[in-house]
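Single-structure report; data block below.
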Number of protein chains: 2
Amino acid sequence: MKLTSNEEYGLRCLVRIGLTGSSLTIPEISKAEGVSPAYAAKILRILRRAGFIKAARGKEGGYMLARPADRIVIGDVIDALGGRLFETDFCSQHSGQQSVCTHSVDCSVRSLWRTVQVLVDQVLSKTTLQDLLRNEQEMNSWVRSLPGTSRLSMIQ
Amino acid sequence: MKLTSNEEYGLRCLVRIGLTGSSLTIPEISKAEGVSPAYAAKILRILRRAGFIKAARGKEGGYMLARPADRIVIGDVIDALGGRLFETDFCSQHSGQQSVCTHSVDCSVRSLWRTVQVLVDQVLSKTTLQDLLRNEQEMNSWVRSLPGTSRLSMIQ
DNA sequence: AGCAATCTTGACTTTTTTGTACAGATTAAT
DNA sequence: ATTAATCTGTACAAAAAAGTCAAGATTGCT
């Protein structure tokens, strides 16, 4: 239940591209985010094939957003970079050596994970890249406005 | 951002032990959860060293809860099995080749993760093993009673 | 004491994830 | 056409996680 490197760096690269009106090259992104050019290229390829950014080849080439930032949902980005917390086929994959999930009838564990997944989706599906392009202070007030977070004193 | 195998199987083994009043052996847990005895032993060791279960050696030995189920917080169990989603030192670990996080001043990404982390903690810190020992239907109504989830139609 | 059932530990293998290397393809400018 | 800057793709290497194995230690029973 940790953030993967792909998720962290992928999202940062996307934010970096979004912050720049014009296009950014791999060396530029690599330097800005502190990752190797080769690794930046790998991550950018994932983002490109998932349709969030588009590339221009050749000299004067680079990457830019494939569509406006307010139409890029962060939940979709995270899915592309690292998959969901609780996959729909999780139980069937984790039934061990038995053919059916040993908890299929009375699976309180599954119910708990589903709850956590819903809460995470609640935030990530309502957050767009546009929201992340604001600065941190504005971001804090944005997340406070999300449903389900009103009673929390979340950001110290 | 996926559940790890340790988290899934570890929690299941703990639930299985909690469901059984008396003690359970490694072969019994292994068979009940569909994992190899060796892997069950490895997971049970983590749970034991974290203080959630205690072991009796020798013949007639086995595992049982180290304290009542309502005093075992699931958030603590998950931490022991797989760590937190967003570690407090995450930024310093993921600053790449640069000495400081390149987003330290304007880190909307960090703010987003912190929000997700708080929501997850909100559920996991309020859920005890006792809650998971109910059956699935009761579990569903339990999670609905948690703060922050009231507006969601979460369990289909 | 001897035996069988049981947990304990560390090393090992396999699989997955992370990260790197390099040759190839594309483009703009000259 | 040539060159230099750029993205693209595949293969490879390193690190982490998942899972296995075998030898050892403990305990209850006879």
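These numbers were taken from a predicted model, which means no experiment stands behind them. So you know, we letter chains A, B, ... as the sequences are listed, proteins then strands, and number each from 1.
Both B:Leu81 and A:Gly61 sit near DNA chain D, but only A:Gly61 has its closest nucleotide nearer the 5' end.
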Checklist line | Letter per nucleotide, 5' to 3', of nucleotides 23-28 of chain C [B base touched, S only sugar-phosphate touched, - untouched; heavy atoms, 4.0 Å] | finding: --SBBS
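With B:Glu7 as the fixed residue, the side-chain contact (heavy atoms from CB on, under 4.5 Å) test singles out one of B:Val77, B:Ile43, B:Leu81, B:Asp79: B:Leu81.
At the heavy-atom level, B:Ala38 lies under 4.0 Å from base atoms of the strands shown.
Residue B:Arg49 places none of its side-chain N or O atoms closer than 4.0 Å to OP1 or OP2 of C:dC7. For B:Ser5 and D:dG19, the shortest distance from a side-chain N or O to OP1 or OP2 is below 4.0 Å. In this model, the phosphate group of D:dT8 is approached by a side-chain N or O of A:Tyr63 to a distance below 4.0 Å at OP1 or OP2. At least one side-chain nitrogen or oxygen of A:Arg45 sits closer than 4.0 Å to the OP1 or OP2 atom of D:dT10. Phosphate proximity of C:dG19 to A:Ser36: absent, as no side-chain N or O sits under 4.0 Å from OP1 or OP2.
Here B:Arg84 pairs with B:Asp121 in a salt bridge; the nearest charged N to carboxylate O distance falls below 4.0 Å.
One atom, CG of B:Asn6, and another, C1' of C:dT15, lie 14 Å apart when rounded to the nearest Å. Atom NZ of B:Lys54 is separated from atom P of D:dT26 by 20 Å (rounded to the nearest Å). Rounded to an integer number of Å, the gap from A:Lys2 NZ to C:dT18 C1' is 15 Å. Rounded to an integer number of Å, the gap from CD1 of A:Ile26 to C1' of C:dC22 is 14 Å. Distance CD (A:Glu33) to P (C:dT18): 17 Å, rounded to an integer number of Å. Distance, B:Met64 CE to C:dT6 P: 16 Å, rounded to whole Å. Following rounding to the nearest Å, B:Arg48 (CZ) and C:dT6 (P) show an atom-to-atom distance of 17 Å. Between the NZ atom of B:Lys42 and the P atom of C:dT8 there is a distance of 15 Å, given to the nearest Å.
Both A:Leu133 and A:Tyr9 are assigned to one and the same hydrophobic cluster, defined by single-linkage of ILVMFWY side chains at heavy-atom distances under 4.5 Å.
By the side chain to side chain donor-acceptor pair (under 3.5 Å) test, A:Ser23 pairs with no residue at all, sequence neighbours left out. For A:Ser125, there are no side-chain contact (heavy atoms from CB on, under 4.5 Å) partners two or more places apart in sequence or in a different chain.
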Check: Under the side-chain contact (heavy atoms from CB on, under 4.5 Å) criterion, do B:Leu129 and B:Leu65 qualify, and how do the steps go?
Finding: CA-CA 10 Å; B:Leu129 180 59; B:Leu65 297 184; 3.8 Å; yes
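In the set D:dC7, C:dT8, C:dT6, the nucleotide with an atom closest to the side chain of B:Thr25 is C:dT6.
Looking at A:Met1 and A:Val116, their side chains come closer than 4.5 Å, going by heavy atoms from C-beta outward.
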